[in-house]
Each structure stands twice: as structure tokens, then as C-alpha cells.
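Here is the naming used below: chain letters follow the sequence lines, and residue numbers restart at 1 for every chain. Keep in mind that what you see is a predicted model, and the values were worked out from it rather than measured.
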There are 2 protein chains.
Amino acid sequence: MAVMARPARISQTKLAKDLGVSQALVSLVLNGRREGINADTYKRIWDHAISLGYQPKGMRMERSPREARMRQVGVVLRSGLNIHTQGSYFNHVLHGLHSALAERGYATLFLGSEDDLKPNRLRQLFHTGHGIQGLVLFGEVRGAFLQQLKRIEPRVVAVSARHTGRCHSVLGNEPQALETLVQHLAKLGHTRIGWLGGNVGLGRHEARYQAYQAALQAAGLTDDKRYAVFLKQGDRAEGTEAMLQLLPLRTRKDFPTAFLTYNLHMSIGAVQALLRSGLNVPGDVSVAAADYSPLAQQEQPRITAAGCEAEKLGQAAARLVLTATGEADESFHDVILPSQLYVGESTGPAR
Amino acid sequence: MAVMARPARISQTKLAKDLGVSQALVSLVLNGRREGINADTYKRIWDHAISLGYQPKGMRMERSPREARMRQVGVVLRSGLNIHTQGSYFNHVLHGLHSALAERGYATLFLGSEDDLKPNRLRQLFHTGHGIQGLVLFGEVRGAFLQQLKRIEPRVVAVSARHTGRCHSVLGNEPQALETLVQHLAKLGHTRIGWLGGNVGLGRHEARYQAYQAALQAAGLTDDKRYAVFLKQGDRAEGTEAMLQLLPLRTRKDFPTAFLTYNLHMSIGAVQALLRSGLNVPGDVSVAAADYSPLAQQEQPRITAAGCEAEKLGQAAARLVLTATGEADESFHDVILPSQLYVGESTGPAR
DNA sequence: CAGTTTGGCTAATAATTATTAAATGCCAAG
DNA sequence: CTTGGCATTTAATAATTATTAGCCAAACTG
């Protein structure tokens, strides 16, 4: 990581001495002269200059007026996520982030996912002269990876994940969302509410599941583990699969009359499974999702959902990353945005 | 656009003379020294240095070895498009683009849409030291805007749009897609096929509509304008609206037994409208889309669609932008990727 | 009014970098 | 072994940039 550290400034004269060549040759090489210069020597000089972070005298770009400076904020996706999976949730976050950054004169630099960002790749991305002034993480990343990123760029904000004491974060109010949903269903007369979980193993799932359990307790309802399913991806197909796993138990007298799903996509998949099995939504079973995006209103039936608007998460992340100082003694902020209930057509009175 | 031109190199001594100050002061300012310097003078010096494209001697970054250089490709969206509209189509393009760029050591810089990119903003984004080495346009932009972009960065590729003679482009084979769909429906016995159009006014709609008309003719089928609708957005809601506009005509003996829609989202909306009206898809009416994304397989019913895979468009765009030279005499390439038919559950035998 | 302080800038000189004619090393041919 | 040619590098000097003590004018204070 030599290129990341910025020690005392080094001169061409020093470079030349290190390499056993003349300063004149160093100057020629760093200005791109190839003619009459041995290719190996050329490469050796460039490599050494870059590895020692050589910068010429004359101007400190990082001290130029703000409005003249290229400014970018990098976006990093958690492992297993890419720009088109999980449909539109993180796309909405990205839109909110981008809009808020653009208003402040920043561009959004898409860096890829945790899986892609090996040390060589990071070195290249954060090459001398880069304009990256903060990082926004979509979802939860491994602790070691986060440490690595912070060494390079200490101004980090996580969205929909919490790395307590390690970086800033922005989340929706999960307990509020689950509580609101449970109350909505209780008001409709539901006394047995099942759970369809996805992204199991991520903190986000844990948080939502615990909030579901707490909301059941607060409403005086039973938390029956026989009607909870836990899957890995949290996509539509798993919503369908989770529902299909439970449907054989439907003849039981205590089968749930409603299900809450980890996210909107699982709700969509669960609804599809129910309809395909000849059941009525919400007539026979109600389904609701523990997050919200505009897709909820576009589906058929419209899906009842509670959560924070994804765009607002992105906007809040932009504000936070741009006020972050990256100092060692900086206080970390967790911003918890309020959740709201959207009542669609997927929930109705209990049978 | 003075910052874009790169004339003869200018020295601090020349800057000082222009401004009527000493070279010493210029050096201090450009290295960020504020103490003992008047704020107006500080700004005046920086502004002049930047406007003349001052760069210190010592190193020509643009001549550094390729692998050591920060390299980015900028993504620009057509007017009215943002990262979360039109669901996943351009997200899949972006994913394909990003993956192919990352393999070659490039990062993807999200620049926003045509509406956002005013001259001041462009100047900032393309500030001295930027690493942008090409631009990819998603969708069709205005001609004047394209000219403006090319002045800044001549290596431009348009995706799903063709600016003939102005830049490179990557498109799916629209005639092939429409032909395939019409043939598929003809084989199922359909003799009357309607059209639901979106993004009317964009070249993309025109191309698809014309290809639809040509395919009807080639199949010896009638192109009946009474059963064609033309709307502006091309989203789900307009798919629904277009279908609902035509449904009152359903009692006619020559009402179409199938519809082709401009894109997948309109198909989804049209199917929703039919189901909501008590009709059967594909029993009563078949619906198919003139583009393809994996969403076609996730819907209920799965939607029959033909088109090029969006990710492949992105990958082809990456290859093209990285081989572009930006020279004034460069030949422009239009790359037309083959379309494929995905048969879902939304098409079946004609009634 | 005179002396002191402060803010802003510069002349002078040192350090860094650029340029070019000349030097050096290597290899092949005689 | 010597010589010539070519490829590569450098010594010397010019140009550019950095640093700092000093300069000057305006404002303040007694």
C-alpha cells in the first residue's frame, strides 16, 4: 500500500539516486519520452516513481478551490449483490444517493462489489490524483474488508447495514416497520402471522426477524417457529419456495392467516405461489413485506409493505458521507429513518 | 471550455506576469498557502491557473504505464431516464458494462442524465486530471448534447440508440426480434396482431414499430391502425392504459387475438389490465414484448419476449468504447447483436 | 505626530526539473 | 585487435518552482 501513504515529498533527484540513473533520464521518462530509452529502464523508473508516490512540485491539487476539483463518491456493493439483483431496492437507493451528490457537485463512481475489490484493484482505483471523497456501502460487508477500505478512504457510510463503531450508517427503522405491519394485521383480526426470511446470516435479516418477534410479543400474539422459513437469497423465487414449503401444512387449524416476508420480492414470490395453488390473496392468506419500494404499488395485487423509502436512504447517505471528516477521533453516526406503512391489496381480514 | 483545450504548457512565471503578482506568490497559492494571503488574490490566482490549464512540470500522468493509471468510463442517461425507471433493462446493461470494464481495469463513473449535465457541471467532471477514457450513453440523446460531449471526450458509444455518423452504437437486432415474434404468433394461428407503443418520439420506438409493420407484411398479415396505441413513457402503467383503451373494442369481429408491446414493462401492464378485466392470458388474448430481460421469466404469467440480452449490450459497449480512438477520422461502428425468442406463458393458440 | 503592528506581497536565493550536446558501452565487421 | 555505428545514458546548463527574510503601506495606539 505504498501508493496510499503520502510521506515526505520525493524529488526526481532522489529517485535517480535510488535507481542508479541520472536525474535527466528520470525527467525524460516521467514525461513519456521513449525514443532512445531502453524499455526495461523506462518501466523500472515509472514503477519506482509510482510506488514512492512521486508528485512533481508546482501545485497541490487537493488544495485547489472546492468548485474546481473533481469530486466523486464511490459506491461498493456487498458480496453477492450486483446492480440488477434484488430488483429495484438498491437502485432506488442509488438514485437517491446520486441525485443528492449531484446537487452538491459530486459524481457517483461505481466500484463494484466486495468480491471484485482485491488489493491490486483498490490500488488502481485509488491511484494518485483520484477524486474519491467518500465511500458508500450498499449492504453489509465483511469486517476485514471494511477495515481495508477505511485505510484507503476513511469517510465511509453503510446503507442498510450497521457496523457499530466502525463507520457511519443509514437504516430504516426496522422495529417500527415490523410493529406497524403486525398492528395492521392484528387490526384485521389476524392472530397467527408467519415469517418468510431471506438473506439469512446478514444482520439485516436478524434485525427484521427480531423486530417481527418483538412486535408479535407486544401484540400478545404467538411466535410459532413451525411457520417460519429461513432462506439465503431473499429473491422472488425464494418467496415462492418458502410459501410452497409451508402450504402442505395448510390443513392444520393453527396455520397462519397472514405472512410477513423479509422483503418485497419475497412477498411477490409468495403471492405468486398462493395464487398458483388456487388460493386467494388476501381472502385466504394475507401477505405483507418488511420493506418498501414503489414496486409495491405496481404489482398485481398491490403489496402491503412497510419501510423507509429507499431513495431517502440514499439521500441521507449522501449527506452523511459529505459531512464525514475521516478523522481518527470522529464520532460515528447511525441515522435511522422513519418507516411508513403502505396498504396495498395483499392484506385483508383474517378468515 | 478553456479548461478542455490543452495549449502550450504555461509556467508559474507566466501566470504571475499575467496577474501582476510575483512568481513566489503564485507558487504559495498553488500549494495551498492561505496564511498572509488575501482571499481574493488567492482565488484570482487559482482561477487563472485552472482556466489556463496550468500543470506543473515533472510528470505527464497521461503517459504513465497503463496499469498504473486511473481509468474510468462515464455513463450518461438519456433525458427522462434515471437509474430506477424502466425497471431492470438498463440496470442489466449497466451490469454487463461494469463487469466488462472491471475485467479490463476500468471503473464505471455514473454521470447522471442529459438533463443534469449543464456546461458548468461538465467542466467540473472533466477537470484536469480526470481519468475518463470514454463515454457510454444509455438511450438516445439530443444531437447538440452529443456534440457537446464529443468535444470533451470523443470516444462515445450509444446503447439502444443510433446517432448515425456521430458516434459508435450497440443495438439489438430489432427487425429480427419483431420478425421472430410475429412468426411465433402466426404459427400459433394469430392473424390479427395489435401494437402497444411507448417512448413515442424516440428513434427506438420508431425502429421497433417499423420492424413490427414490416414483419406483419412479410407474414402476409394486416397492419390495422385501429388496434395500435402510442404512448409516451413506455412503463407498466402505460401498458395497462393502452390495453384498457382498446378493450372497449373487443366485441368487434376483427379485434386482435394478440398484441405486441414496445417493451417488457408494457407487456406486464397489459397482462395486468386483461386479467383485471376478467380475461384470460393467453386463452383470450396473447401478449408479447419486443425486448427481453430476465424479468420476463419472473413474472406471472411468464412473458413471451424477443430481444437481445441487455447484459450483452453492456458488454459490447464496453469493448467498443475501449477500442475507440476518438480521432477525427475514426470510422464509426454500429454493432447489432442478435435477438432471441423467449417463449413464456403469455402467448398461446389464437381463439 | 511618531512609533508599532499587521497584512500582504516580493526579491533573492535554493531546490527541482528540462533540455541537449556529448559521453559511454556494446556489438559486429574488417 | 581496432574501428565504426548504434543504442542508451549523462554532465552541464537553462528553465521552473520553493522558501524565507525583508519590504511597504495602512491602520492603530499612546
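One distance of note links OG1 of B:T164 with CG of B:D334; it measures 6.0 Å at 0.5 Å rounding. B:S160 contributes atom OG, which lies 5.0 Å from atom CG of B:L313 (distance to the nearest 0.5 angstrom).
Protein atom CG of A:N38 is 16 Å distant from nucleotide atom P of C:dG25, rounded to whole Å. One can place NZ of B:K17 at 14 Å from P of D:dA15, the figure rounded to the nearest angstrom. Between B:R44 atom CZ and C:dG8 atom P there is a gap of 13 Å when expressed in whole angstrom units. One can place CD of A:E35 at 13 Å from P of C:dT20, the figure rounded to the nearest angstrom. The nearest whole Å value for the distance from the CG atom in B:L28 to the P atom in D:dT16 is 19 Å. Residue A:L25 contributes atom CG, which lies 14 Å from atom C1' of C:dT20 at whole-angstrom precision. The separation between B:R33 atom CZ and D:dT17 atom C1' is 15 Å, rounded to whole Å. Rounded to a whole Å, the OH atom of A:Y42 is 13 Å from the P atom of D:dT9.
Within 4.0 Å (heavy atoms only), A:G58 reaches sugar-phosphate atoms of the nucleic acid but no base atom. A:V26 comes within contact range of no nucleotide atom at all, as no heavy-atom separation falls under 4.0 Å. Counting non-hydrogen atoms under 4.0 angstrom, A:T13 reaches a base of the nucleic acid.
Legend: salt bridge (Lys or Arg N to Asp or Glu O under 4.0 Å) pairs involving residues 10-34 of chain A, not counting sequence neighbours, sorted by first then second residue: A:K14-A:D18.
Side-chain nitrogen and oxygen atoms of B:T41 include none within less than 4.0 Å of the OP1 or OP2 phosphate oxygen of C:dG8. Note on A:Y54: a side-chain N or O is less than 4.0 Å away from OP1 or OP2 of C:dT17.
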What's the verdict on side chain to side chain contact (heavy atoms under 4.5 Å, CB included) for A:L137 and A:R78, showing C-alpha distance, side-chain angles and the deciding distance?
CA-CA 7 Å; A:L137 311 180; A:R78 69 161 166 84; over 6 Å; no
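Remark on DNA chain D: of its neighbouring residues A:Q23 and A:G36, the 5'-side contact belongs to A:G36, judged by nearest-heavy-atom nucleotide. Mapped onto DNA chain C by nearest heavy atom, B:K57 and B:A39 fall at different nucleotides, with B:A39 at the one closer to the 5' end.
The listed nucleotides are D:dT17, D:dT10, D:dT9; the one nearest the side chain of A:A24 is D:dT10.
Aromatic ring centres of A:F110 and B:F110 lie farther apart than the 6.0 Å criterion allows.
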